[in-house]
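Working notes, beginning with the structure itself.
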Amino acid sequence: MGHIAMSKSNAKRIGTNASLLGALLMSLAGCGGAESSGGPASGPEQHGSGGTAGNAAGGGAGQDASAAAGGDATGPGATIGAPAQVTAGSASMVGVTSDGRVLYRAGDELIASKLDGGDSETVSDEPGNTLIRGRVVFNFGNVDWTANVGDLSIWTADGGTQEVGSTTYSETLIAASASGDFVVYTANTNTKKAKTDLMIASSDFATDDVLIPSMGLGSDTTCSPSLGFVGEALFVGFCAPNSRDATIERFDFDGTTWNPTTIAEEALPSWSADAAGDGVFYQTSDYQGYYATGGQQYRIDASVSRGFLLPDGSAALYTVGDQLRRSPVPYADPEPIVTTGFSEPVAFTSSYGMALYSTKVTYDNGTQRDLRLVATDGFNPEPIELVADPVAAMPRSSITADGNFVLYLTDVADTGGTLHVVAMDGTEVVSLPGVLDALAARGSGIVFTDNASDPTVYPNVADLKYLDPASSSTPTLIEAAVMDPKNFQVDAGLEHVIYARSGVGRDSEDPEHDGLYSCALP
């Protein structure tokens with residue numbers, strides 16, 4: 001494939017054929033039962049952006065699992081499936097790929113297994129800092145934190161492990177296409193001269209080429225690059241070394257060559273594309289907001305501090321000072337949504353119709369904030385006040401997947417806080433004490449841990465539960481006394497929860513005594 005020419009005279013104008021980005025936004029059930037089978041992402045997520053105590057249900061945290069979670073599921077929402085053992089024994093979960101591979105550390109190895117435990121494969125025998133991007137696993141082993149350099153390997157289910165070699169460790173300078181067929185990473189980094197080569201390769205490394213030679217790295221004199229795939233198209237905002245004026249490019253693969261398209265020059269490196277990659281919102285170096293599509297540039301507003309396109313490309317949401325504004329594109333018609341106090345966005349619903357934000361954040365007792373909720377379809381003089389003072393903490397998911405409920409914690413201690421589940425009109429529908437963390441599942445479902453043991457005493461365990469606030473206020477127990485109670489995961493389809501069984505109250509000779517397990521959700 002060879003080196004990619006970067007001259008602006010040869011750059012194509014922006015195309016319209018990018019692939020769709022799949023990105024954006026008290027019954028005791030059987031999953032933890034002793035007789036159950038052991039067989040078979042703040043800030044708001046932006047679509048295509050480069051720039052996210054004991055109780056009646058579960059008993060005590062150390063209670064025998066057969067007593068805490070045995071019996072038939074009989075109550076509302078009690079359709080949780082039997083657990084599948086991903087792996088037996090002691091294992092530390094890293095995460096889940098978008099194609100359903102559970103990544104975990106076992107001994108000195110990094111291993112990938114299917115959700116049902118089939119087709120386990122060693123990813124690396126030198127696991128280090130592991131980053132998952134869709135279907136692709138980036139593993140940086142033997143990281144030298146003085147030089148910020150590690151030995152990079154890349155793994156996919158189709159291509160296996162590919163050893164890349166020594167390269168700069170950076171969470172922002174790697175990316176993978178939606179299919180997992182292509183990856184980008186850096187090589188030949190020169191930190192003194194603040195430059196690196198941006199590489200692009202097929203995930204099996206049949207091809208591996210320099211995409212942008214001598215790309216500037218973030219420093220006092222050079223802007224930090226901003227990159228990411230929208231479907232199979234790659235977008236990169238970058239500066240030359242010793243420059244703070246960025247060029248934003250789109251790259252499309254024609255089967256042989258990655259062809260560049262110039263979107264903007266003399267810009268900031270951050271960008272946001274719609275789901276098809278056809279339109280891009282960006283800022284010029286003097287912070288004017290622009291929309292680019294089909295080779296045309298449209299000025300939207302001035303003094304823009306950040307912003308993004310809606311997935312359907314119909315409008316941009318952005319901030320000017322502490323205002324949230326909205327404008328249709330391509331022709332500008334800015335309208336204020338929040339006129340003051342939009343200091344820190346927390347999340348948007350999946351439809352981007354509602355915004356959750358804070359006007360004040362404190363860090364005296366962890367990160368705490370006030371919370372406001374506002375519709376984004378027009379001016380709202382009185383946003384809904386959920387929490388007046390900065391006392392709320394955010395779980396990993398702050399809005400349910402269907403966009404119907406807000407989640408936040410108050411009175412947080414080492415053994416958890418009160419989880420508040422609030423409808424979009426500001427009405428609290430349920431509050432749950434002693435919750436450590438919560439993740440959104442399919443629809444309005446929530447997976448959470450509560451009833452935690454003393455975190456200073458090993459093993460530190462908690463009960464894993466499921467709740468659908470749209471249909472019930474009564475949680476369903478998935479499994480009692482799970483290990484690592486803040487590190488349960490939900491797969492990309494929001495259909496399974498993956499967690500570590502502690503073995504508390506179980507026969508130590510039982511092959512299902514402990515390990516990682518996957519459980520189907522309603």
Side-chain angles (χ1 to χ4, degrees), residues 20-25 41-49 52 77 98 272 274-275 307-319 324-326 328 335 337-338 342 344-358 369-380 382-387 392-409 419-432 435 437-448 466-473 475 489-497 521-522:
L20 181 67
L21 173 67
L24 306 174
L25 16 127
S42 82
E45 244 179 68
Q46 296 179 6
H47 203 91
S49 296
T52 163
S98 61
S272 174
D274 60 31
F308 61 93
L309 283 180
L310 300 189
D312 64 3
S314 63
L317 284 169
Y318 59 94
T319 54
L324 175 65
R325 297 181 185 178
R326 178 186 181 120
E335 180 179 15
I337 305 301
V338 178
F342 195 86
E344 184 171 328
V346 177
F348 291 83
T349 57
S350 55
S351 67
Y352 293 85
M354 300 291 288
L356 181 66
Y357 71 98
S358 299
R369 61 183 73 232
D370 62 358
L371 288 173
R372 307 290 196 274
L373 187 64
V374 66
T376 64
D377 57 354
F379 172 57
N380 284 274
E382 295 184 6
I384 299 170
E385 183 181 88
L386 300 182
V387 183
M394 308 313 299
R396 276 183 286 169
S397 293
S398 52
I399 296 179
T400 56
D402 61 5
N404 288 335
F405 299 95
V406 172
L407 313 174
Y408 64 90
L409 296 162
L419 177 66
H420 302 265
V421 183
V422 181
M424 286 297 158
D425 62 1
T427 303
E428 183 168 288
V429 297
V430 64
S431 64
L432 303 168
V435 172
D437 202 359
L439 275 179
R442 183 166 46 184
S444 54
I446 305 162
V447 182
F448 64 95
Y466 172 84
L467 175 69
D468 184 347
S471 60
S472 175
S473 61
Q489 304 285 340
V490 175
D491 70 341
L494 308 181
E495 298 176 346
H496 297 83
V497 60
L521 297 170

Go through the steps for V346 and S358 under the test side-chain contact (heavy atoms from CB on, under 4.5 Å), then give the verdict.
CA-CA 7 Å; V346 177; S358 299; 3.7 Å; yes

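- Ring planes of F308 and F348: perpendicular class, angle over 60° (limits at 30 and 60°).
- In this structure, V429 and A423 approach most closely via the heavy-atom pair CG1-CB, 4.3 Å.
- The two residues A441 and A401 come nearest to each other via the heavy atoms O-CB, 3.3 Å.
- S314 pairs by the side-chain hydrogen bond (donor to acceptor under 3.5 Å, both in side chains) definition with D312, not counting sequence neighbours.
- The shortest heavy-atom contact between G403 and S350 is N-OG, 4.5 Å.
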With side-chain contact (heavy atoms from CB on, under 4.5 Å) as the test, would you mind laying out the steps for Y357 and E344 before giving the verdict?
CA-CA 6 Å; Y357 71 98; E344 184 171 328; over 6 Å; no

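- Among residues two or more places apart in sequence or in another chain, the salt bridge (charged side-chain N to carboxylate O under 4.0 Å, His left out) test is passed with D437 by R396.
- Formation of a donor-acceptor pair under 3.5 Å by the R442 side chain with backbone atoms of G493 is not found in this model.
- Not counting sequence neighbours, T376 has no partner by the side-chain hydrogen bond (donor to acceptor under 3.5 Å, both in side chains) test.
- We find the CG-OH distance between L317 and Y352 to be 9.5 Å, quoted to the nearest 0.5 Å.
- Under the rule for a salt bridge (charged side-chain N to carboxylate O under 4.0 Å, His left out), the partners of R325 that lie at least two apart in sequence or sit in another chain are D301.
- Atom OG of S473 sits about 7.5 Å away from atom CG of L467, to the nearest 0.5 Å.
- S98 contributes no side-chain N or O that, together with a main-chain N or O of A492, makes up a donor-acceptor pair within less than 3.5 Å.
- Interatomic distance, CG of L521 versus CG of L494, reported as 9.0 Å (0.5 Å rounding).
- With hydrogens and angles ignored, the 3.5 Å screen pairs a side-chain donor or acceptor of S272 with a backbone N or O of L309.
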Take V421 and L407 through the side-chain contact (heavy atoms from CB on, under 4.5 Å) test and state the conclusion after the steps.
CA-CA 5 Å; V421 183; L407 313 174; 3.9 Å; yes

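- A pairwise comparison of heavy atoms in D274 and P311 identifies CB-O, 3.5 Å as the closest pair.
- Note that CD1 of I337 and CZ of F379 are 9.0 Å apart. Values are rounded to the nearest 0.5 Å.
- Residues that satisfy the side-chain hydrogen bond (donor to acceptor under 3.5 Å, both in side chains) test with D370, not counting sequence neighbours, are T359, R372.
- Residues satisfying the side chain to side chain contact (heavy atoms under 4.5 Å, CB included) criterion with I384, sequence neighbours excluded, are L373, L386.
- The shortest heavy-atom contact between M424 and M354 is O-CE, 3.9 Å.
- With contacts defined as side-chain heavy-atom distances shorter than 4.5 Å, the pair P469/I446 qualifies.
- With rounding to the nearest 0.5 angstrom, the CD1 atom of I399 is 12.5 Å from the CZ atom of F405.
- Under the 4.0 Å criterion applied to side-chain N and carboxylate O atoms, E335 and R326 are not assigned as salt-bridge partners.
- Taking the side chain as every heavy atom from C-beta outward, L356 and M394 approach each other to under 4.5 Å.
- Taking all atoms of both residues into account, the shortest heavy-atom contact from Y466 to P522 is CE2-CG, 3.5 Å.
- Between the CG atom in D468 and the CG atom in D402 there is a gap of 8.0 Å [rounded to 0.5 Å].
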